[in-house]
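Computed from a prediction, not measured in an experiment: that's the story for all the values here. Start at 1 and go down the list; that is how both ligands and their atoms are numbered.
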Amino acid sequence: MDPTLDFINSQRVPWTILLFLLNLLLPSEGCGVGRPRVNPTSLLVRYGDPASATCSTPFHVDLIGWEAAVGAKEEPQTQQLVWGVTSVSNWSLGDGVTCFTSSEEHGRCETHLPITIYKIPNRVTMSLLYPPEAPLIEGRIYTLDCEIQNVVPLSSLSIRWFKGDEELDISQKSRFLKRTLDKANVRTDINASREDHEASYSCAAHLDLNTTEPIPDTRSNSIQWKVLYKPRVLNASGDVFLCTKDKMELTCLGEANPMPSYQWRHQGVALAGENETTLVIESVNGSHNGLYECLIRNTEGDVTVSIRVSVKGGNVTLHILFKAT
Ligand SMILES: *[C@@H]1O[C@H](CO)[C@@H](O)[C@H](O)[C@H]1NC(C)=O
Ligand SMILES: *[C@@H]1O[C@H](CO)[C@@H](O)[C@H](O)[C@H]1NC(C)=O
Ligand SMILES: *[C@@H]1O[C@H](CO)[C@@H](O)[C@H](O)[C@H]1NC(C)=O
Ligand SMILES: *[C@@H]1O[C@H](CO)[C@@H](O)[C@H](O)[C@H]1NC(C)=O
Ligand SMILES: *[C@@H]1O[C@H](CO)[C@@H](O)[C@H](O)[C@H]1NC(C)=O
Ligand SMILES: *[C@@H]1O[C@H](CO)[C@@H](O)[C@H](O)[C@H]1NC(C)=O
Ligand SMILES: *[C@@H]1O[C@H](CO)[C@@H](O)[C@H](O)[C@H]1NC(C)=O
C-alpha cells in the first residue's frame, strides 16, 4: 500500500489540513468561494488614463495583495485592497493584474483582472498610391492608402472611407497591409470615375471597443484628385422640322475632362469652322436637309450626336410640285 494513503487512512491528519495541503498544490483551483473578488471584473482603459480596481474577500486572510507590472502591493490582515495607477503608461499592464489572498483556510487564492489598453491614433493619413500630381483616368483601378499611427489594439481597428461626408461601402474590401509597432496601413482599390473628379476623399480610424462613451473616430486629411474622362452628352437638340427661310439653330453640349472640342458635320462632311456648341444657319433652304452630326471629342474619347433636319418646301419637294402643275 502507498505510504501516503496509509498515512491519510490512519486519520491522524485532520481533513482541513489535507485541504490546506491540496490548496498549496493547486493555488487557485481549489479556492472556490475563497477566491477574492475584484471590482470591476475587467478594465478597458485609454493609454495615459488612470485606472483602479478594488479587491476584497469576505474571509479573514493573512495577506491580500496585487501582482502588477505597475502598482504592485500587499497588506497583511485586511480584507480589502485597492490597486490603482494615475496613468496607464506601461503596456505590460495589458497583461492584466492579479489580486491574491493567502489564508490558512483557503491557502493562496487569486483572481485575474484583465486590462485592455487602447490608444487613439496620433495621426491618420490618406494618400493615393500613384504619382499624386498626375490625373487619374476613368475606368482604371487605383489604390488608396490609409496610414494609422500609434493605434492599439489593432484587433479592434476598422477603417471607414469617405467621399465628402458620405461613407463609402468599400470597408469590407479594405486590406491591412503592414502592421508594425507604430503603424498600420490599410488599402483599398477604387475604379476611377468622373464622379470622383475633384471629390474630396478621406479615411477614418474606428476603434470598436465596449466603452461607455463611443470612441470618436480619427479622421484623416482629405485629398482631391483630377480624373480624365471622355465626353458625355449633356444636352442636344432633337430632330427639327423647318420651313425654307427659317432660322436653324442646333445645339449639342458635352461634358468632359479635359474640356472637349466640337465639330459639326452635315451628311458626313465636316463643316469648316463649325466648332461651337451651337450651329446656326440664318435662313435655310433645301440644301440644308439631311443628317447633322455633332462630334464631341477630347483626349479620352469622343461621342457623336445625330440630328435629322427636314426643311419643308425644300428643292426636291418644290421640283416635284412644279413639275406636277
Ligand atoms: C513596465 O513594467 C515592466 C514590469 O514591471 C518593467 O520591467 C518596465 O521597465 C516598465 N516599462 C516602463 C516604460 O516603465
Ligand atoms: C471600372 O468601371 C467601369 C465603369 O463602370 C467598368 O467598365 C470597368 O470594367 C471597371 N474596371 C474594372 C477593372 O473593374
Ligand atoms: C459592454 O459593457 C457593458 C457595461 O460595461 C457590459 O454590460 C456588456 O456586457 C459589455 N459587452 C460586451 C460585448 O463586452
Ligand atoms: C437643353 O437645352 C435646352 C435649351 O437650352 C433647355 O431648354 C433644356 O432644359 C436643356 N435640357 C437639359 C436636360 O439640360
Ligand atoms: C474645329 O474642329 C476640327 C476637328 O476637331 C479641327 O480640326 C479644327 O481645327 C477646328 N477649328 C477651329 C477653328 O477650332
Ligand atoms: C441655300 O443656302 C446656302 C447658304 O446657306 C446657299 O449657299 C445656297 O446657294 C442656297 N441654295 C439655294 C438653292 O437657295
Ligand atoms: C437641293 O438642291 C441643291 C442644289 O440646288 C442640292 O445641292 C441639294 O443636294 C438638294 N438637296 C436635297 C436634299 O436634295
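- Of all protein heavy atoms, the one lying nearest to atom 4 (C) of ligand 1 is A69 CB, 3.9 Å.
- Contact annotation for atom 7 (O) of ligand 1: protein absent (non-hydrogen atoms, distance under 4.0 Å).
- No heavy atom of E282 sits closer than 4.0 Å to any atom of ligand 6.
- In this structure, R297 fails the cation-pi test against Y262, since its NZ or CZ atom is not both closer than 6.0 Å to the six-membered ring centre and inside 45 degrees of the ring normal.
- Under a 4.0 Å criterion applied to the non-hydrogen atoms of I141, ligand 2 contributes the atoms 12 (C), 13 (C).
- When only non-hydrogen protein atoms are considered, atom 11 (N) of ligand 2 lies nearest to N191 ND2, 3.0 Å.
- No donor-acceptor pair closer than 3.5 Å links the side chain of W225 to the backbone N or O of A134.
- Every atom of ligand 6 is numbered from 1 in the order shown, and the set under 4.0 Å from a heavy atom of N285 is 1 (C), 2 (O), 3 (C), 8 (C), 10 (C), 11 (N), 12 (C), 14 (O).
- With atom 10 (C) of ligand 1 as the reference point, the heavy atom nearest to it among D95, V70, N90, L93 is part of N90.
- Note: W66 and F100 fail the aromatic proximity criterion, with ring centroids not under 6.0 Å apart.
- Proximity of atom 14 (O) of ligand 1 to the protein is indicated by at least one non-hydrogen atom lying closer than 4.0 angstrom.
- The backbone N or O of R265 sits nowhere less than 3.5 Å from a side-chain atom of E293 that would complete a donor-acceptor pair.
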